[in-house]
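Contents: one structure, followed by commentary.
Numbering of residues begins at 1 and proceeds along the displayed sequence. Source: prediction; values computed, not measured.
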Amino acid sequence: MSKLRKLFRGSGRALALIFAASVLWLLFDMAALKFSFSEVNTQVLKEEMIRRERERGRVGRDPEQSPDGAGGEPRLGGLGRDQKHSRYKGGEDAGGAELDKEKEPRRRDDKRQATSNPTPKEVMVLHRAIPLKLWSLQPSGPLGKKVRENLEGEEVPSLEDQVVFISKDGAQTPAKQKLQADAEGNVTNRLIGNNVPVMDSKSKMPLKESNVTKVATSSKTVLVGATALGKVHKVNLADKDQLQKINQNDSLIPLVVSPQMHKVLTIDRTIAPRDPRAVGQFGRPAVVPREKQEESKRRWNEGNFNVYLSDLIPVDRAVEDTRPSGCSDLLVHNDLPTTSIIMCFVDEVWSTLLRSVHSVLNRSPPQYIKEIILVDDFSTKAYLKDKLDQYMSKFPKVRVLHLKERHGLIRARLAGAEIAKGDVLTFLDSHVECNVGWLEPLLDRIYLNRKKVACPVIEVISDKDMSYMTVDSFQRGIFTWPMNFGWKPIPPDVIRKNKIKDTDIIRCPVMAGGLFSIDKKYFFELGTYDPGLDVWGGENMEISFKVWMCGGEIEIIPCSRVGHIFRNDNPYSFPKDRIATVERNLARVAEVWMDEYKDLFYGHGYHLILKNLDVGNLTQQIELRKRLQCKSFKWYLENVYPDIEAPLVKASGLIVNIALAKCITVRESNLTLEKCDVNNKNQKFNYTWLRLIQHGDLCLALTDAKGTLGLHPCDKRNNSLKWLHKSLVAFHPELMDHIVLEHHPQATCLEVDQSQKALRVNICSTSNPYQKWQFGNYYAD
Ligand code: UDP
Ligand code: MN
């Protein structure tokens, strides 16, 4: 570095270099601070999970078999029952109803508490297991990886001169004078403020001008002021010892200035609408006049929402700014990447499609919108052809791509991505309304790290009255088995304890799928969506697993908000059976990404096993995963979604007979009953999600028609090896302690024979204790 200095000494370039370095560092700093929420809480989460485990009194888990978070509610049924399978809403069997309730929208004037969650499910905070190695700016908050990488990896050219630390106790120090001297010849005294915000990097918000003392900076350069709080310290950020010392001193607050940033623009060309009394103006609920009720009902099916009202509402209506307070002060970078908006549609309602497009045009800084690509997925409606082309020809940035055959959402998005010219791809549904300031916060995240995938908060446009409603920010996108998307609220006590603000970025195990921004190059590096996925569904899971496991992150940015019409059913036809399509897609995702955990998927969506699904060729996807050196699903669960219950087996350990208090034992490939001994390997069994009772590679099986039992090589598809126990016999509660053959014409149970040494099966008898069994450990009921 000092060599570089010499090289440039005396020239303006030196300052420019320092300045560039300072900005770089600043960015990393900011990115890092934004990480802090999840990282701080890693520990909190772990502790909380352990505490809850203890409270449940679960004992004797077999550490070999159970990943974190065993246990839980019975979750039978699954995909087939989930008729309303949506990319946004959780399935009804999977806690989705509860999660949806939490996501209950409200209008701005609705005084209900946003975080009124009386019964949080499991505790969860976002989780990122990055050890805090070097230092932290905030006493309680570790910095993110980037900063450490740059401190350690020396990617940042200079770490000096970028930050001034302010202590609480006094006026400015000689450090300030030194700063002035450093900028010799280039110094101009000017007030920080106006177009250059001074940022308190603790609160991440600009300081009020009155809190900023006048200091000297060069016209181009760096830094920095003191607040009314006190003293200026100059710190050499390359000096790790010094940094560590500073970190231990919580009276020091870093203060940084960036001429490279600005407050997020709140462009809204609808702010003064032509007709403030128009139907639905400002996102107000619209009302169908009595004499139009019939018409409104009749037209519902055109979009599965109130199409009649949509048509009455101006296509450029204003909506209320629903961002949390503080968002309008958010700083974003001046040189953000451009984006191509990709909006796919099939038979979208005219007024809704137009409103979506206008909301982008009216509420986005034009310099960032490279284009809006409307992908017509072979719609059948005439108005979506020439009429649409003609209408959109007035807007030079809008391109319409008419596909020649039905691609389905997934492949239609890919067709849009192929022709996109922007740096970032922003996918939106065709029935949305982007709120003010929605775009820059998304692009800013990608600017900070191109492997971040940024999602807005999805707000609710009522399907009934078309009102625009805001939602609680403290929600994560998650999935429940067998891969139903859902929203999970962050419990209020966790929010309180960790001082999580409603402007804090939320890292999500999975994204809802409809609305997000992703760096275009990164999207292609990731192999886009699996093009083998059909029509609709499961693609949000696929991209989410892929992003996390292959080095990226998924975030919800609370300062970016976009309304979306949620509806109960897709208004368009599926080329093949809808449920079968989604199931096949999900199975494809499970096969490629879930490793050994795919058994949980099939265990919860059990009918899929019986269907013998043809998921198509997976070679390319598996290759891709290898080539990208993506992490395991186990890593994903442990690091990104540790609050999911994902035990690899349902039960394990000893299998104890209740009558005899003896255990099933493997003795020279025969089965006997012997005294129980937890250390005896020959008494260890697993009861798997696929209903096998497994000992190593062998499975408990009926060996002849007389009811003798033995061990067979395990085979997931061999139904004669499958047994029901506990919740799987909930339809016969009196047999829940029995082990019942699944595929047998008569209810047939495992029992001890009269010799009291051997096993056999017999007609089930509810009260017979020789037919009752208990596994050593249960991980799921
Ligand atoms: N879509 C499409 N082709 C299809 C299915 C859907 O272009 O075969 C579009 C659809 O018009 C919408 C987006 O993809 O803009 C997402 O679909 P939808 O809104 O039905 O999904 P949801 O929001 O219910 O998850
Ligand atoms: Mn949609």
Open item on the list: Does Glu539 form a side chain to side chain contact (heavy atoms under 4.5 Å, CB included) with Asn585? I'd like the steps, not just the answer.
Closed with: CA-CA 8 Å; Glu539 87 290 347; Asn585 284 353; 6.0 Å; no
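- Counting heavy atoms from C-beta on, the side chains of Ser727 and Lys650 come closer than 4.5 Å.
- Atom CD1 of residue Ile341 and atom OG1 of residue Thr426 lie 4.5 Å apart, to the nearest 0.5 angstrom.
- Using a 30° and 60° split on the angle between ring planes, Phe545 and Tyr636 fall in the perpendicular class, above 60°.
- Atom CG of residue Leu741 and atom CG of residue Leu709 lie 7.5 Å apart, to the nearest 0.5 angstrom.
- Below 30°, between 30° and 60°, or above 60°: for Phe516 and Tyr529 the angle between ring planes is above 60°, a perpendicular geometry.
- Under the 6.0 Å cut-off for aromatic ring centres, Tyr687 and Trp689 do not qualify, their centroids lying 6.0 Å or more apart.
- With Asn686 contributing its side chain and Thr688 its backbone, the two residues share no donor-acceptor pair below 3.5 Å.
- Side chains of Gln621 and Glu542 form a contact here, defined as non-hydrogen atoms less than 4.5 Å apart.
- Here the side chain of Thr339 pairs a donor or acceptor atom with the backbone of Val424 at under 3.5 angstrom.
- Expressed to the nearest 0.5 Å, how far CZ of Arg691 lies from CG of Leu728 amounts to 4.5 Å.
- The closest side-chain donor-acceptor pair between Thr619 and Asn617 falls under 3.5 angstrom.
- One N or O on the side chain of Arg588 and one on the backbone of Val615 form a donor-acceptor pair closer than 3.5 Å.
- Taking the six-membered ring where tryptophan is involved, the planes of His725 and Phe775 are tilted, since the angle between them lies from 30° to 60°.
- With hydrogens and angles ignored, the 3.5 Å screen pairs a side-chain donor or acceptor of Asn639 with a backbone N or O of Trp635.
- Interatomic distance, SG of Cys344 versus CG of Asp377, reported as 7.0 Å (0.5 Å rounding).
- Side-chain atoms of Tyr572 and Asn570 include a donor-acceptor pair closer than 3.5 Å.
- Ion pairing of Lys546 with Asp530 is absent here, as no side-chain N (NZ or NE/NH1/NH2) approaches a carboxylate O to less than 4.0 Å.
- Formation of a donor-acceptor pair under 3.5 Å by the Ser560 side chain with backbone atoms of Leu439 is not found in this model.
- Between Phe601 and Val589 there is no side-chain heavy-atom pair separated by less than 4.5 Å.
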TODO: Applying side chain to side chain contact (heavy atoms under 4.5 Å, CB included), run through Glu418 and Phe524 and close with a yes or a no.
DONE: CA-CA 9 Å; Glu418 291 290 343; Phe524 282 98; 3.9 Å; yes
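- Looking at Glu553 and Val453, their side chains never come closer than 4.5 Å, going by heavy atoms from C-beta outward.
- With Asp697 contributing its side chain and Pro713 its backbone, the two residues share no donor-acceptor pair below 3.5 Å.
- A salt bridge links Arg411 to Asp534: one of the charged nitrogens lies within less than 4.0 Å of a carboxylate oxygen.
- A salt bridge links Arg413 with Asp429: at least one charged nitrogen is closer than 4.0 Å to a carboxylate oxygen.
- Within 6.0 Å of NZ on Lys576 lie no more than 12 heavy atoms contributed by other residues, nucleotides or ligands.
- Here the side chain of Tyr779 pairs no donor or acceptor atom with the backbone of Ser652 at under 3.5 angstrom.
- Residues Trp438 and Ser364 have side chains that bring a donor and an acceptor to within less than 3.5 angstrom of each other.
- Cys699-Cys714 SG separation is under 2.5 Å; the pair is scored as a disulfide.
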TODO: Given side chain to side chain contact (heavy atoms under 4.5 Å, CB included), test Ile554 with Cys455 step by step and report yes or no.
DONE: CA-CA 7 Å; Ile554 293 171; Cys455 310; 4.1 Å; yes
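- Taking 4.0 Å as the cut-off between side-chain N and carboxylate O, Lys634 and Glu638 count as a salt-bridged pair.
- Counting only N and O atoms by type, the side chains of His712 and Asn718 include no donor and acceptor under 3.5 Å apart.
- With Phe345 as the partner, the side-chain contact (heavy atoms from CB on, under 4.5 Å) test is satisfied by one option alone out of Leu409, Leu384, Thr352, Val375: Leu384.
- Asp595 has a carboxylate O that lies under 4.0 Å from a charged side-chain N of Arg625, or vice versa, which qualifies the two as a salt bridge.
- Counting heavy atoms from C-beta outward, Leu526 and Cys550 have side chains that approach closer than 4.5 Å.
- Atoms CG and CE, from Asp376 and Met343 in turn, are 13.5 Å apart once rounded to the nearest 0.5 Å.
- When side chains are defined from C-beta on, Ser379 does not count as touching Glu348, because their heavy atoms never get closer than 4.5 Å.
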